[in-house]
Structures are given as structure tokens and as C-alpha cells.
> 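I'd like to ask some things about the structure below.
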Amino acid sequence: MGDLFFFENMIIAQVNEGEHVSFNSTKIAFKCIYNYYEVLKKPFGIISNRLNKYSIEVLDLPKYNKNLPNLKFYGIVGSSGFNNINISLEKQFSKIPVLAFDNITKAYNTINDNILNSSDDSVKFDIP
């Protein structure tokens with residue numbers, strides 16, 4: 001379906017062209033994410049590096065939020081009109097901050113800094 005790159009405080013996901021991302025289609029990835037972050041009770045973020053066009057089942061976003069309570073931020077890197085429409089839609093269905101970035105470095109630094117600077121489980125996001 002794509003690639004997941006695991007870091008201390010986040011995952012960078014790059015989905016293959018034309019895929020449809022849903023809760024059911026990501027069961028193997030979900031299990032890896034859960035075992036790496038949730039078992040350790042560690043806050044983390046996910047960055048979707050949108051190099052390719054693919055679809056997301058937005059109605060499944062609350063399932064991710066419910067089953068990954070330590071997921072604190074969802075960042076999206078992409079600047080096309082297609083991505084901007086998707087980002088707007090995803091924000092409506094997510095219970096955590098969905099943040100848009102125009103480059104991967106800024107996304108990584110912003111989300112990582114906010115997770116590192118949180119003193120407890122209630123991570124607050126302050127847009128720079």
C-alpha cells in the first residue's frame with residue numbers, strides 16, 4: 001500500500017498512487033503502529049507525505065483516533081489543489097489537529113517539537 005517510516009515521535013507515511021486508505025486496508029500497518037507507540041503509551045504524530053494521489057475513507061478517521069489515543073497530530077505535506085480539498089475534508093472528520101505543510105522538514109520539526117515540549121498526555125498545538 002505504501003511505506004511507513006518510524007521515528008521516535010512520529011511516522012511518515014507515503015501511500016502508493018491510486019490506493020484507497022481505509023481502516024480495513026491498513027490493519028497490518030495499524031498493528032505495527034499500535035505495537036510501537038500505544039504499547040509504550042507514547043504520544044506521537046503521523047505525517048502523510050502526499051507524493052502520490054490516493055483516496056482516504058474519511059468516515060474511518062474517528063476509528064483511528066479512538067484506537068490510537070496517543071496519536072496527537074496528523075500532518076499532511078502537499079500543495080496541489082487536490083490535496084487542499086482533501087485536507088479540508090479530513091479536518092472535518094478528525095478529532096485531532098490536522099495540519100497542512102508545504103515541505104516535509106517543516107512538518108517533521110513542527111510536530112516533533114510540539115510532542116517533545118509536551119509535559120503530559122494533553123499535548124497542545126501552537127501553530128508557529
Side-chain angles (χ1 to χ4, degrees):
M1 184 164 222
D3 296 308
L4 294 178
F5 302 94
F6 284 76
F7 296 89
E8 177 82 19
N9 299 310
M10 77 188 69
I11 298 163
I12 296 177
Q14 293 179 174
V15 177
N16 295 335
E17 184 79 28
E19 293 287 346
H20 180 70
V21 178
S22 69
F23 196 72
N24 287 335
S25 71
T26 58
K27 285 184 179 178
I28 294 171
F30 181 87
K31 185 174 181 177
C32 293
I33 293 166
Y34 186 87
N35 288 337
Y36 192 80
Y37 295 104
E38 294 298 330
V39 170
L40 298 175
K41 304 294 183 207
K42 190 171 176 47
F44 70 101
I46 295 177
I47 297 172
S48 175
N49 192 20
R50 303 247 169 116
L51 300 175
N52 301 309
K53 289 184 181 177
Y54 59 91
S55 60
I56 295 175
E57 185 65 50
V58 293
L59 296 176
D60 284 354
L61 291 177
K63 292 178 187 177
Y64 290 105
N65 297 147
K66 179 181 178 186
N67 289 287
L68 295 171
N70 294 335
L71 176 60
K72 302 302 177 188
F73 303 104
Y74 179 49
I76 300 170
V77 178
S79 58
S80 72
F82 180 78
N83 281 329
N84 293 336
I85 292 168
N86 285 340
I87 291 167
S88 176
L89 189 58
E90 289 172 53
K91 284 182 178 184
Q92 294 177 25
F93 289 91
S94 181
K95 296 181 189 235
I96 61 168
V98 176
L99 311 164
F101 299 94
D102 57 5
N103 71 68
I104 193 79
T105 302
K106 186 171 183 179
Y108 180 91
N109 290 338
T110 301
I111 292 174
N112 192 55
D113 288 350
N114 279 279
I115 290 172
L116 288 175
N117 291 327
S118 67
S119 58
D120 60 20
D121 196 35
S122 59
V123 177
K124 304 282 191 269
F125 187 76
D126 188 21
I127 297 174

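Along the sequence shown, the residues carry numbers beginning at 1.
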> Which atom names give the shortest non-hydrogen contact between Leu4 and Ala13, and what distance separates them?
CD2-CB, 3.6 Å
> How about Phe6 and Ile33: do any of their side-chain heavy atoms sit closer than 4.5 Å?
yes
> Taking atom NZ of Lys42 as the centre, report whether more than 12 heavy atoms of other residues, nucleotides or ligands fall under 6.0 Å from it.
yes
> Answer yes or no: is there a side-chain heavy-atom contact under 4.5 Å between Asn52 and Val15?
no
> Taking atom OG of Ser48 and atom CD of Glu90, what is their separation to the nearest 0.5 Å?
7.0 Å
> Drop me the distance from Asn109's CG to Leu116's CG, to the nearest 0.5 angstrom.
10.5 Å
> Do Leu68 and Phe44 come close enough that some side-chain heavy atom pair is under 4.5 Å?
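In short, these two side chains touch, coming nearer than 4.5 Å.
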> Hey, would you say the Tyr108 and Phe7 ring centroids sit under 6.0 Å apart?
yes
> Does some side-chain heavy atom of Ile111 sit less than 4.5 Å from a side-chain heavy atom of Phe101?
yes
> At what distance, to the nearest 0.5 angstrom, does CG of Asp102 lie from CD1 of Ile76?
13.5 Å
> Between Val39 and Phe30, is there shared hydrophobic-cluster membership here, with clusters defined by ILVMFWY side-chain heavy atoms closer than 4.5 Å?
yes
> Taking all non-hydrogen atoms of both residues, which atom of Met1 and which atom of Glu19 are closest, and how far apart?
O-CG, 3.6 Å
> With Lys63, which residues qualify under side chain to side chain donor-acceptor pair (under 3.5 Å), at least two apart?
Asp60
> Can you tell me how far CG of Asn16 sits from CG of Asp3, rounded to the nearest 0.5 angstrom?
6.5 Å
> Do side-chain atoms of Lys72 reach the backbone of Pro69 as a donor and acceptor pair under 3.5 angstrom?
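It does hold such a pair.
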> Should we say atom CG of Leu59 is surrounded by more than 12 heavy atoms from elsewhere, each under 6.0 Å from it?
yes
> Can you list everything that forms a salt bridge (Lys or Arg N to Asp or Glu O under 4.0 Å) with Glu17? Sequence neighbours excluded, please.
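Expected list: none.
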> Please evaluate residues Val21 and Thr26 with respect to the criterion side-chain contact (heavy atoms from CB on, under 4.5 Å), reporting the C-alpha separation (whole Å), side-chain torsions for both, the decisive distance (0.1 Å), and the verdict.
CA-CA 7 Å; Val21 178; Thr26 58; 3.8 Å; yes
> Please name all residues satisfying side chain to side chain contact (heavy atoms under 4.5 Å, CB included) with Leu51, sequence neighbours left out, ordered by chain then number.
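Expected list: Gln14, Asn49.
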> What heavy-atom pair brings Met10 and Tyr37 nearest, and what distance separates the two atoms?
O-OH, 2.9 Å
> Rounded to the nearest 0.5 Å, what separation is found between the OH atom of Tyr34 and the CG atom of Asn70?
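So the OH of Tyr34 and the CG of Asn70 are separated by 9.0 Å.
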> Is it the case that the side chain of Asn9 and the backbone of Ile115 share a donor-acceptor pair, with hydrogens and angles ignored and the cut-off at 3.5 Å?
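Such a contact is absent between Asn9 side chain and Ile115 backbone.
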> With rounding to the nearest 0.5 Å, note down the distance linking OH in Tyr36 to CD1 in Ile11.
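Taking OH in Tyr36 and CD1 in Ile11, the distance rounds to 9.0 Å.
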